[in-house]
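Below is one structure, written out as C-alpha cells; the observations come after it.
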Amino acid sequence: MTTAQTSPELDVSPTPLALLLLGREADPRSERGVECPGDLPSPSDPDLVERARAAKEKLGEKVFVLGHHYQRDEVIQFADVTGDSFKLAKDAAARPEAEYIVFCGVHFMAESADILTSDDQKVVLPDLAAGCSMADMATAEQVAECWDVLTEAGVAEQVVPVSYMNSSADIKAFTGKHGGTICTSSNAKRALDWAFEQGEKVLFLPDQHLGRNTAVRDMGMTLEDCVLYNPHKPNGGLTAEELRAAKMILWRGHCSVHGRFSLDSVNDVRERIPGVNVLVHPECKHEVVAAADYVGSTEYIINMLEAAPAGSKWAIGTELNLVRRLANRYADQGKEIVFLDKTVCFCSTMNRIDLPHLVWALESLAEGNLVNRIEVDKETESFAKLALERMLALP
C-alpha cells in the first residue's frame, strides 16, 4: 500500500511551520516561547502583592519594571513606567543604572528593549510564552522568500521595506539590511513618506491593516494601489504584473484583537448608544477605520479620552484591559467608555504576564538568579538597530 508521504502525485510532508504548530518542533527565532522554569506561586496566594513589593524593594534601583498599556491591572501596579512598546524600550535605554529590565509585555517588545539598551543591562520577560500572533505571521524565511519573488518580478530594487514595531528582531534586521525603516502606529505616515522618497514601492510588514489604512486614509492612495502578499501561496498569490503595478505590497498579517472588530460592531454600538464617539486603533480593518469618528495609536486613544468633555460617550476599538482601565479612570467624570465589540476579547499572549509570573521573576532576580533573559544576537541587533535609528531620524 502506498502511503501519502511517498505518493508522487501528492507531497504532504509536514512543513517546519506545521510541526511547530503541532508542538513537535521548536523554533528559537520565533515569537513562540516556552513556559518559564521553576515553580510559580499559586495565583490564589493572598501574599502575592506583598511578595512582589518586597522583591522589588530588595532589588531597588537594580530593577526597572516596564508595563505595556494592555497588561492586567495586577501587573501594571508594579510598573515604574507604562506606555506602548517603543516608548517603553526608549525608557529602558534611558535608565542605564538599572541592571535588570523586567518587561511586562510580549516577546518582540523585550527584543526591542534589548536592542536599545546597553550590553550591561539584562532584559527579562516574566513568561517566555508571551509572544505576539501578528509578529508570528512573518518569519525570516518567509520574508526572504518574498524578496526573491520581488527580485524575480524585477521590482526589488524599487521596493523599500517598512516594518511595524510589532515584529520580531529578525524582521527588523531584514528591514535594516535592505535600506528600510521601522514605524509605530503613531508615525506610520512619516515612515511611508520617507520610504517613498527612497523608492517607488513599499513592502509593509507584518500588519496589512496599518499599512492599508495609512496609505489610503492618510496618504490619499486607493485600495487598488495596494496588493496583499500571502506567504502561504506560491509567489505570494500575486502575479509579476500585479507587483509591478502596486505601490503598497502589504504582508498578510493582522492583530488578533484589533482584527475582531467589524463594521457590524460600529453600527451596533451607534444604535445602542446614541451620540457615541467611535475611536479605534489603526490596526483595525479598513472598513472599521472608515466608519469610525477617530483613529489613532494607543497613546492617541488615551490622550483623546483624557481631553474628552465630561458626560461624553465613547466606544473604543482596542484591547480590553486598557478600555476597562480607562472606563474606571474617568467614571467619576461621567464619561461613558465601552468596548466596541459585544464579545469580550483580551490579548491572550499579553495576558500571560500575570502576578504569579511577575513575582517569580522578581524573586528570582532578588535571589541572584537571572531568569528568562531576552538576548538578541549581535548581527541581528546591528541591522535591527540600523532600522530603528532610521525611524528615530525621521522628520
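Both backbone and side-chain heavy atoms feed into the values below; hydrogens, waters and symmetry mates do not.
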Problem set entry | Electrostatic pair R212:D225 at N-O distance under 4.0 angstrom | no

Problem set entry | Stepwise side chain to side chain contact (heavy atoms under 4.5 Å, CB included) check, R329 with E306 | CA-CA 9 Å; R329 180 183 301 171; E306 181 179 357; over 6 Å; no

Problem set entry | V338 vs W314 side-chain heavy atoms within contact, under 4.5 Å | no

Exercise. For the atom pair CZ (R352) and CG (L128), what is the distance rounded to the nearest 0.5 Å?
Worked result: 10.5 Å

Exercise. Does V288 share a hydrophobic cluster with I316, counting links as ILVMFWY side-chain heavy atoms below 4.5 Å and allowing steps through other members?
Worked result: yes

Problem set entry | Close side-chain approach of I374 to H107, heavy-atom, < 4.5 Å | yes

Problem set entry | Any T82 side-chain heavy atom under 4.5 Å of H68 side chain | no

Exercise. What is the distance from atom CE of M137 to atom CD of Q142, rounded to the nearest 0.5 Å?
Worked result: 11.0 Å

Exercise. Within the distance-only criterion (no hydrogens, no angle test), does the side chain of N328 pair as donor or acceptor with the backbone N or O of R324 below 3.5 angstrom?
Worked result: yes

For this session: Would you name the heavy atoms of L88 and L66 that are closest together and state the gap between them?
Result: O-CD1, 3.5 Å

For this session: Work out which heavy atom in F174 is nearest to a heavy atom in P161; give both atom names and the distance.
Result: CE2-CB, 4.3 Å

Problem set entry | Backbone N/O of S163 and side chain of K172: donor-acceptor pair under 3.5 Å | no

Problem set entry | Intermediate values then yes/no, side chain to side chain donor-acceptor pair (under 3.5 Å), T380 and D377 | CA-CA 6 Å; T380 302; D377 68 86; 2.7 Å; yes

For this session: Would you mind reporting whether V371 and W360 have side-chain heavy atoms less than 4.5 Å apart?
Result: yes

Seminar exercise, completed: Heavy-atom closest pair (T318 atom, L322 atom, distance to 0.1 Å) is CG2-CD2, 4.2 Å

For this session: Without swapping roles, check the side chain of D354 against the backbone of H357 for a donor-acceptor pair under 3.5 Å.
Result: yes

Exercise. Do you reckon Y70 sits in the same ILVMFWY cluster as L320, going by side-chain contacts under 4.5 Å, direct or chained?
Worked result: yes

For this session: Enter the distance from D193:CG to Q198:CD here, rounded to the nearest 0.5 Å.
Result: 11.0 Å

For this session: Classify the ring geometry between F261 and F339 as parallel (under 30°), tilted (30 to 60°) or perpendicular (over 60°).
Result: perpendicular

Problem set entry | Pair E299-H69, side chain to side chain donor-acceptor pair (under 3.5 Å): steps then yes or no | CA-CA 9 Å; E299 295 289 345; H69 288 308; 2.9 Å; yes

Exercise. Charged N to carboxylate O below 4.0 Å: is that the case for D119 and K378?
Worked result: yes

Problem set entry | Polar side-chain atom of K62 near backbone of L365 as donor-acceptor pair, under 3.5 Å | no

For this session: Provide the closest heavy-atom pair for I337 versus L326 in the form atom of the first, atom of the second, distance.
Result: CD1-O, 3.7 Å

Exercise. More than 12 non-hydrogen atoms from neighbouring residues, nucleotides or ligands closer than 6.0 Å to NZ on K247, yes or no?
Worked result: no

Problem set entry | Stepwise side chain to side chain contact (heavy atoms under 4.5 Å, CB included) check, S185 with H281 | CA-CA 8 Å; S185 53; H281 195 281; 3.7 Å; yes

Exercise. For V124, does its backbone N or O pair with a side-chain atom of N372 as donor and acceptor, under 3.5 Å?
Worked result: no

Exercise. With a 4.5 Å heavy-atom cut-off, do F64 and V102 have their side chains touching?
Worked result: no

Exercise. Do you know which two heavy atoms are closest between G317 and H258, and how far apart they sit?
Worked result: O-CD2, 3.5 Å

For this session: Say whether, by atom type as modelled, one donor and one acceptor occur between the side chain of K189 and the main chain of T214 under 3.5 angstrom.
Result: no

Problem set entry | Option among L394, N187, V162 that satisfies the side-chain contact (heavy atoms from CB on, under 4.5 Å) test with W194 | L394

Exercise. So S265 and D341, side chain to side chain donor-acceptor pair (under 3.5 Å) or not? Walk me through it.
Worked result: CA-CA 5 Å; S265 304; D341 194 33; 3.2 Å; yes

Problem set entry | Ring-face cation of K177 near F383 (centre distance under 6.0 Å, axis angle within 45°) | yes

For this session: Go through F204 and L192 one step at a time and tell me if the side chain to side chain contact (heavy atoms under 4.5 Å, CB included) criterion holds.
Result: CA-CA 9 Å; F204 195 90; L192 287 178; 4.1 Å; yes

Exercise. In Å, rounded to the nearest 0.5 Å, how long is the span from CZ of F86 to CG of N166?
Worked result: 12.5 Å

Problem set entry | Donor-acceptor under 3.5 Å (R217 side chain, A290 main chain) | no

For this session: Please answer: with hydrophobic residues joined when any side-chain heavy atoms are less than 4.5 Å apart, are M219 and W251 in the same cluster?
Result: no

Problem set entry | Donor-acceptor pair, side chain of K335 and main chain of L305, under 3.5 angstrom | yes

Problem set entry | Within 6.0 Å of CD in E50, more than 12 heavy atoms from elsewhere | yes

Exercise. Mind checking whether E145 and P231 have side chains closer than 4.5 Å, heavy atoms only?
Worked result: no

Exercise. Do F108 and Y164 have ring centroids that are under 6.0 Å from one another?
Worked result: no

Exercise. Should the pair K285-E287 be classified as a salt bridge under the 4.0 Å nitrogen-to-oxygen rule?
Worked result: no

Exercise. Transitively linked via ILVMFWY side-chain contacts under 4.5 Å: I182 with L392?
Worked result: yes

Seminar exercise, completed: Scanning both residues in full, the closest heavy-atom pair of P282 with N213 reads O-ND2, 2.9 Å

Exercise. For the hydrophobic clusters of this structure (ILVMFWY residues joined by side-chain heavy atoms under 4.5 Å, transitively), does one cluster hold both I171 and V149?
Worked result: yes

For this session: Working to the nearest 0.5 Å, report the span between CG of N369 and CD of E363.
Result: 11.5 Å

Exercise. For the atom pair NE2 (H209) and CG (D207), what is the distance rounded to the nearest 0.5 Å?
Worked result: 6.5 Å

Problem set entry | E271 side-chain N/O to D268 backbone N/O, donor-acceptor pair under 3.5 Å | no

Exercise. Is it true that R270 and D293 make a salt bridge, defined as a side-chain N closer than 4.0 Å to a carboxylate O?
Worked result: yes

Problem set entry | Note, V159 side chain near W147 side chain (heavy atom, < 4.5 Å) | yes

Exercise. Is any side-chain heavy atom of E375 closer than 4.5 Å to a side-chain heavy atom of E381?
Worked result: no

Problem set entry | Side-chain ion pair, R95 and E97, N-O less than 4.0 Å | yes

Exercise. Hey, does the side chain of D170 reach the backbone of A140 with a donor-acceptor pair shorter than 3.5 angstrom?
Worked result: no

Exercise. Can you check side chain to side chain contact (heavy atoms under 4.5 Å, CB included) on V63 and E99, steps first, answer last?
Worked result: CA-CA 6 Å; V63 70; E99 182 179 352; over 6 Å; no

Exercise. Do D84 and K90 pass the salt bridge (Lys or Arg N to Asp or Glu O under 4.0 Å) test, and can you show the C-alpha distance, the side-chain angles, and the key distance before you say yes or no?
Worked result: CA-CA 10 Å; D84 61 19; K90 289 194 297 181; over 6 Å; no

